[in-house]
Amino acid sequence: MANLLEGRNAVVTGAGDIGGVIARELHEHGANVMVWDRDPAALGRLADRMTERLSTRPVDVTSWEDVRSAAEEAVGSLGGVDVMVNSAAIATFAPVATLDVDDWRRTIDVNLTGVFLCCKAIVPHMIERGSGAIVNISSIGGLRGEPEFSHYCAAKFGVLGLTQSLAREVGEHGVRVNAVCPGAVESTMNTDTMARDARRLGVPVEEIERVIVGKTALRRLTQPTDVANAVVYLASDLASFVTGESVAVTGGVF
């Protein structure tokens, strides 16, 4: 396998199903990787699986002080940051009429404001270096609205707007900014989503998965490695003339 990121330094937010695999794939392509997550246990599980050229730090991406301090540490300990991947996210479910205001704010804080804060912290460093690649993880929910997911979709739509705007701001400095929009990923979050839909509709979870898979051209759920492969591409020199784009990794949802 070609080491597309040999010698690069990467920061990944979120150590869960998707973020953890992204970190692993960046690592396997030669990058030195620092992972941020607010859950020390998740960071510990990741470190157990992947130790060489990996560091971790507890970070709450909704806290500017946390993010600013972590960015300074990453620049200092890694010797610079070439790649920033914003993957940290949460999801809850409720129709707008009954959605708790605190749930709305928390979802926007983590899924959108967290991306903004991480970009804000790392962009000046990348501009100074004259290079860098930022990859923001949005969602198919950032391309179209879904019932009982208004807060999540609003945040993920916002990630795409942030990605496009920031790409235009920093392109002249050699910094690229792109997004990946995964479909239904085989993950804990998606399992919870399917279970919610099954309860709402009064059908087995397997039926929900069958319907979702049936709407994809490739007839399967998105795997975390599918998302990670797109991130590796966008972070690498293979995508040196790609910026401001949103790559859908959905298996051809229709």
Side-chain angles (χ1 to χ4, degrees), residues 11-23 35-39 42-43 58-68 70-71 84-96 98-123 134-167 177-194 196-197 222 224 227-228 230-231 234 244-250:
V11 173
V12 178
T13 69
D17 296 327
I18 297 176
V21 173
I22 289 171
V35 182
W36 300 348
D37 195 294
R38 64 182 177 177
D39 182 2
L43 293 174
V59 177
D60 179 354
V61 297
T62 70
S63 164
W64 171 238
E65 286 306 311
D66 253 24
V67 171
R68 182 190 55 77
M84 178 82 220
V85 182
N86 291 302
S87 176
I90 60 172
T92 58
F93 322 105
V96 169
T98 60
L99 176 61
D100 187 86
V101 172
D102 288 339
D103 283 345
W104 168 276
R105 289 176 174 154
R106 179 63 181 166
T107 301
I108 299 297
D109 279 350
V110 175
N111 295 6
L112 178 56
T113 304
V115 176
F116 158 70
L117 293 178
C118 291
C119 289
K120 175 178 172 61
I122 212 68
V123 157
I134 297 173
V135 183
N136 299 322
I137 306 302
S138 180
S139 169
I140 192 172
L143 300 172
R144 66 188 194 194
E146 298 290 343
E148 299 188 4
F149 237 35
S150 60
H151 45 329
Y152 180 86
C153 291
K156 293 301 188 177
F157 268 80
V159 167
L160 297 186
L162 172 60
T163 297
Q164 292 173 17
S165 296
L166 183 57
V177 189
N178 292 287
V180 175
C181 298
V185 179
E186 193 167 292
S187 64
T188 301
M189 184 182 293
N190 187 56
T191 297
D192 292 344
T193 301
M194 291 193 296
R196 175 217 56 172
D197 288 345
T222 307
V227 181
V231 171
L234 291 171
E245 299 295 339
S246 304
V247 178
V249 182
T250 66

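Residues take their numbers from the sequence shown, with the count starting at 1. These numbers were taken from a predicted model, which means no experiment stands behind them.
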Gap between atom [atom2] of [Y] and atom [atom1] of [X] - 0.5 Å precision:
{"X": "Ile134", "Y": "Ile122", "atom1": "CD1", "atom2": "CD1", "value": "8.0 Å"}
{"X": "Leu117", "Y": "Arg68", "atom1": "CG", "atom2": "CZ", "value": "12.0 Å"}
{"X": "Cys181", "Y": "Phe157", "atom1": "SG", "atom2": "CZ", "value": "9.5 Å"}
{"X": "Leu160", "Y": "Leu112", "atom1": "CG", "atom2": "CG", "value": "10.0 Å"}
{"X": "Arg105", "Y": "Leu99", "atom1": "CZ", "atom2": "CG", "value": "11.0 Å"}

Side-chain donor or acceptor of [X] paired with backbone N/O of [Y] under 3.5 Å:
{"X": "Thr250", "Y": "Ala248", "answer": "no"}
{"X": "Ser63", "Y": "Val59", "answer": "no"}
{"X": "Asn178", "Y": "Glu245", "answer": "yes"}
{"X": "Asp37", "Y": "Ala15", "answer": "yes"}

Please, which pairs that meet side chain to side chain donor-acceptor pair (under 3.5 Å) have at least one residue in residues 112-122, sequence neighbours excluded?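 For residues 112-122: none.
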Min side-chain heavy-atom separation Thr163-Val115 under 4.5 Å: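 No, side chains not in contact.
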Taking it one step at a time, do Thr222 and Val227 satisfy side-chain contact (heavy atoms from CB on, under 4.5 Å)? CA-CA 8 Å; Thr222 307; Val227 181; 3.9 Å; yes
So, for [X] and [Y], which heavy atoms are closest and what is the spacing to 0.1 Å?
{"X": "Trp104", "Y": "Ala154", "answer": "CH2-CB, 3.8 Å"}
{"X": "Thr62", "Y": "Asp60", "answer": "OG1-OD1, 2.7 Å"}
{"X": "Ser87", "Y": "Ile18", "answer": "OG-CG2, 4.0 Å"}
{"X": "Arg196", "Y": "Pro147", "answer": "NH1-O, 3.6 Å"}
{"X": "His151", "Y": "Thr92", "answer": "NE2-OG1, 2.8 Å"}

Stepwise side-chain contact (heavy atoms from CB on, under 4.5 Å) test for Val177 and Val123: CA-CA 10 Å; Val177 189; Val123 157; over 6 Å; no
For Thr188, all residues meeting side chain to side chain contact (heavy atoms under 4.5 Å, CB included), sequence neighbours excluded: Asp17, Asp192
Sequence-distant partners of Ile90, side chain to side chain contact (heavy atoms under 4.5 Å, CB included), two or more places apart: Arg38, Arg106, Thr107, Val110, Asn111
May I have the step-by-step check of side-chain contact (heavy atoms from CB on, under 4.5 Å) for Thr13 and Val67, ending in yes or no? CA-CA 10 Å; Thr13 69; Val67 171; over 6 Å; no
Can you list the residues that meet the salt bridge (Lys or Arg N to Asp or Glu O under 4.0 Å) rule with Asp197, with sequence neighbours excluded? Arg200
Could you list the donor-acceptor pairs under 3.5 angstrom formed between side-chain atoms of residues 138-145 and any protein atom two or more places apart in sequence or on another chain?
{"from": "Ser138", "atom 1": "OG", "to": "Lys156", "atom 2": "O", "distance (Å)": "2.9"}
{"from": "Ser139", "atom 1": "OG", "to": "Gly141", "atom 2": "N", "distance (Å)": "2.8"}
{"from": "Arg144", "atom 1": "NE", "to": "Glu146", "atom 2": "OE2", "distance (Å)": "3.1"}

Among residues at least two apart in sequence or on other chains, which ones pass ring pair (Phe, Tyr, Trp, His ring centres under 6.0 Å) with Phe93?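 Expected list: Phe149.
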